[in-house]
**Q** 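Sharing a structure with you now.
Only heavy atoms go into these numbers, but all of them, side chains included; no hydrogens, no water, no symmetry mates.
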Amino acid sequence: MAGYRVPHPDKPHIVHHARRQTLAARLVGFVLLWVLVGIMGLVADRAIPGQHLPWKKLTLVDPVGAATKVKAARAGADPAACRAILKAGGIDYAETPASSNSFCVVNDALQIRSGMAPLKPADAAMTCKEALAVALWERQVVQTAAFAELDQAVVGIDHYGSYSCRRIYGQAEGPVSEHALANAIDIAGFRLADGTIISVQNDWNDPGPKGKFLHRVRDGACKVFLTVLSPDYNAEHANHFHLDMGGWPKCA
């Protein structure tokens, strides 16, 4: 059987022909690869639920999925798109004027007025991307966990604040808190339809339904927010969940 013969260096036309064949083969391979990627994308688009596909538009009616956090961050970065998703999901809000105070700068902020279990206090100014994450979390995580573990709805969410002009842990020096940018909220507890109040501080270690509900709510928040800190993180978070859309990716 004849073996492969390397083009002879003193025959440039053979070398040129071999190079053309190699280039053609690479081009065909590149085209076939992208055709395969396109086919796989088309199949995925039809077979996989939208909450798992990052190129699908985010909506408040979709369950939380593998791509939710990415889509929430992307939509939140576009003020117009962010507000459009809130409106389409039935969230009513009021705009908050921009402000600047030392290292505390608030832009693109709003206050949720209705369309979800009310925040208490109600005057929680947040960036649109934070409000979008809060609304999505309330719809698809909090209420789902409440019915699964407690057989009733959450009708109010208690918090310790969203905007606060300070550094992390209120220190005089160090990194600026996401609260200083209105990009975070500290959740203290949940009010149920029958009047029961579930407290992060009092019920986090409860072995029954209250504790299971709080852990499901925390775990679900990790699929929506960029940063989620709970009593498992440190003593400073023993009485609340810190949820933000601007810090480092962390779930604890």
**Q** For Asp108 and Gly76, which heavy atoms make the closest approach, and how far apart are they?
**A**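 Shortest heavy-atom separation between Asp108 and Gly76 comes out as OD2-O, 4.5 Å.
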**Q** Under the criterion side chain to side chain contact (heavy atoms under 4.5 Å, CB included), I'd like the reasoning laid out for Ile198 against Leu150: C-alpha separation, chi angles, the key distance, then a yes or no.
**A** CA-CA 11 Å; Ile198 297 182; Leu150 307 164; 3.3 Å; yes
**Q** Roughly how far, to the nearest 0.5 Å, is NE2 of His159 from CD1 of Ile187?
**A**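 Those atoms lie 7.0 Å apart.
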**Q** According to side-chain hydrogen bond (donor to acceptor under 3.5 Å, both in side chains), who are the partners of Arg113, at least two apart in sequence or on a separate chain?
**A**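 Counting only residues at least two positions away or on another chain, Arg113 forms a side-chain hydrogen bond (donor to acceptor under 3.5 Å, both in side chains) with Gln111.
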**Q** Mind checking what makes side chain to side chain contact (heavy atoms under 4.5 Å, CB included) contact with Ala117, not counting sequence neighbours?
**A**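 Once residues adjacent in sequence are excluded, the partners of Ala117 under the side chain to side chain contact (heavy atoms under 4.5 Å, CB included) criterion are Glu138, Gln143, Val154, Ile157.
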**Q** Among pairs that include at least one residue of residues 228-251, which meet ring-ring contact (aromatic ring centres under 6.0 Å, His included), considering only residues two or more places apart or in two chains?
**A**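 For residues 228-251: His179-His242, Trp204-Phe241, Tyr233-His237, His237-His240.
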**Q** Looking at OG1 of Thr68 and CH2 of Trp137, how far apart are the two atoms once the value is rounded to the nearest 0.5 Å?
**A**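 One gets 15.0 Å once the value is rounded to the nearest 0.5 Å.
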**Q** Give the minimum heavy-atom separation between Ile85 and Ala75, together with the two atoms involved.
**A**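 So the minimum-distance heavy-atom pair works out to CD1-CB, 3.6 Å.
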**Q** Is any side-chain heavy atom of Met126 closer than 4.5 Å to one of Val134?
**A**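 Side chain of Val134 against side chain of Met126, heavy atoms only: contact under 4.5 Å found.
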**Q** Just how far is it from atom CG of Asp186 to atom CG of Leu243, taken to the nearest 0.5 Å?
**A**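 One gets 7.5 Å once the value is rounded to the nearest 0.5 Å.
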**Q** Listed by chain and number, what are the side-chain hydrogen bond (donor to acceptor under 3.5 Å, both in side chains) partners of Gln201, not counting sequence neighbours?
**A**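 Counting only residues at least two positions away or on another chain, Gln201 forms no side-chain hydrogen bond (donor to acceptor under 3.5 Å, both in side chains).
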**Q** What about Met116 and Phe190, same hydrophobic cluster or not, with Ile/Leu/Val/Met/Phe/Trp/Tyr joined at side-chain heavy-atom distances under 4.5 Å?
**A**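 Same cluster.
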**Q** Measure from the side-chain N and O atoms of Asp203 to the backbone N and O of Asp206, and report whether any donor-acceptor pair falls under 3.5 Å.
**A**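 Checked: no pair found.
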**Q** Please list all pairs meeting salt bridge (Lys or Arg N to Asp or Glu O under 4.0 Å) that have one or both residues in residues 243-252, counting only residues at least two apart or in different chains.
**A**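 Those involving residues 243-252 do not exist here.
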**Q** Check for a donor-acceptor pair, side chain of Thr196 on one end and backbone N or O of Leu192 on the other, with a separation under 3.5 Å.
**A**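 Answer holds: no.
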**Q** Looking only at non-hydrogen atoms, find the nearest pair between Gln140 and Val64 and report the distance.
**A**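 That would be CB-CG2, 3.8 Å.
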**Q** Can you name the nearest heavy-atom pair linking Ala67 to Pro54, along with the distance?
**A**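 Reported closest heavy-atom pair: CB-N, 3.6 Å.
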**Q** Locate the shortest heavy-atom distance separating Val106 from Ala180; write the atom from each residue and the value.
**A**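 Smallest interatomic distance, heavy atoms only, reads CG2-O, 4.2 Å.
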**Q** Is a donor on one side and an acceptor on the other found under 3.5 Å between the side chain of Lys69 and the backbone of Cys222?
**A**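 Flag set: sc Lys69 to bb Cys222 pair under 3.5 Å.
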**Q** Would you kindly confirm whether Val224 and Leu60 end up in one hydrophobic cluster when ILVMFWY residues are joined by side chain heavy atoms under 4.5 Å apart?
**A**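 Val224 and Leu60: one cluster.
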**Q** Do the side chains of Leu226 and Leu229 join up, straight or via other hydrophobic residues, at under 4.5 Å, putting them in one cluster?
**A**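 No, it is not one cluster - the side chains of Leu226 and Leu229 are not joined through contacts under 4.5 Å.
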**Q** Can you sort out the partners of Thr59 under side-chain hydrogen bond (donor to acceptor under 3.5 Å, both in side chains), two or more places apart, ordered by chain and number?
**A**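 Per chain and number, Thr59 pairs via side-chain hydrogen bond (donor to acceptor under 3.5 Å, both in side chains) with Asp62.
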**Q** Hey, could you give me each pair passing side-chain hydrogen bond (donor to acceptor under 3.5 Å, both in side chains) that has a residue in residues 207-223? Not counting sequence neighbours.
**A**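 Listed once each, the pairs are Glu149-Arg216, Arg218-Ser230, Arg218-Asp232.
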**Q** Are Leu110 and Leu181 connected into the same hydrophobic cluster when the rule is that any two of I, L, V, M, F, W, Y join if their side-chain heavy atoms are below 4.5 Å apart?
**A**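 In one cluster: no.
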**Q** Name the atoms and distances for all side-chain donor-acceptor pairs under 3.5 Å in residues 91-101, with sequence neighbours left out.
**A**
| residue | atom | partner | partner atom | Å |
| --- | --- | --- | --- | --- |
| Glu95 | OE1 | Arg83 | NH2 | 2.9 |
| Glu95 | OE2 | Arg83 | NE | 2.8 |

**Q** Could you list the residues that satisfy side chain to side chain contact (heavy atoms under 4.5 Å, CB included) with Lys129, not counting sequence neighbours?
**A**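 Counting only residues at least two positions away or on another chain, Lys129 forms a side chain to side chain contact (heavy atoms under 4.5 Å, CB included) with Thr127, Asn183, Met245.
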**Q** Working to the nearest 0.5 angstrom, can you tell me the gap between Lys56 NZ and Leu58 CG?
**A**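 If I round to the nearest 0.5 Å, the distance is 13.0 Å.
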**Q** Within this structure, what is the CG-CG distance for the pair Asp194 and Asp151, rounded to the nearest 0.5 Å?
**A**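 The distance works out to 10.0 Å.
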**Q** Among residues at least two apart in sequence or on other chains, which ones pass side chain to side chain contact (heavy atoms under 4.5 Å, CB included) with Arg191?
**A**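 Arg191: side chain to side chain contact (heavy atoms under 4.5 Å, CB included) contacts with Lys120, Val155, Asp158, Ile197.
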**Q** Check Val217 against Ala145 and note the closest heavy-atom contact, atom names and distance.
**A**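 Closest approach of Val217 to Ala145, heavy atoms only: CG2-CB, 4.2 Å.
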**Q** Which side-chain N or O atoms in residues 161-172 pair as donor and acceptor under 3.5 Å with protein atoms at least two apart or in another chain?
**A**
| residue | atom | partner | partner atom | Å |
| --- | --- | --- | --- | --- |
| Ser162 | OG | Ala125 | N | 3.3 |
| Ser162 | OG | Ala125 | O | 2.8 |
| Ser164 | OG | Arg166 | NE | 3.4 |
| Arg167 | NE | Ala172 | O | 3.3 |
| Arg167 | NH1 | Gly174 | O | 2.8 |
| Tyr169 | OH | Asn234 | ND2 | 2.9 |

**Q** Taking atom NZ of Lys71 and atom CG of Leu132, what is their separation to the nearest 0.5 Å?
**A**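 Output value for this atom pair is 11.5 Å.
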**Q** Sequence neighbours left out, what passes side chain to side chain contact (heavy atoms under 4.5 Å, CB included) with Pro249? Give chain and number order.
**A**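 Partners of Pro249 under the side chain to side chain contact (heavy atoms under 4.5 Å, CB included) test: none.
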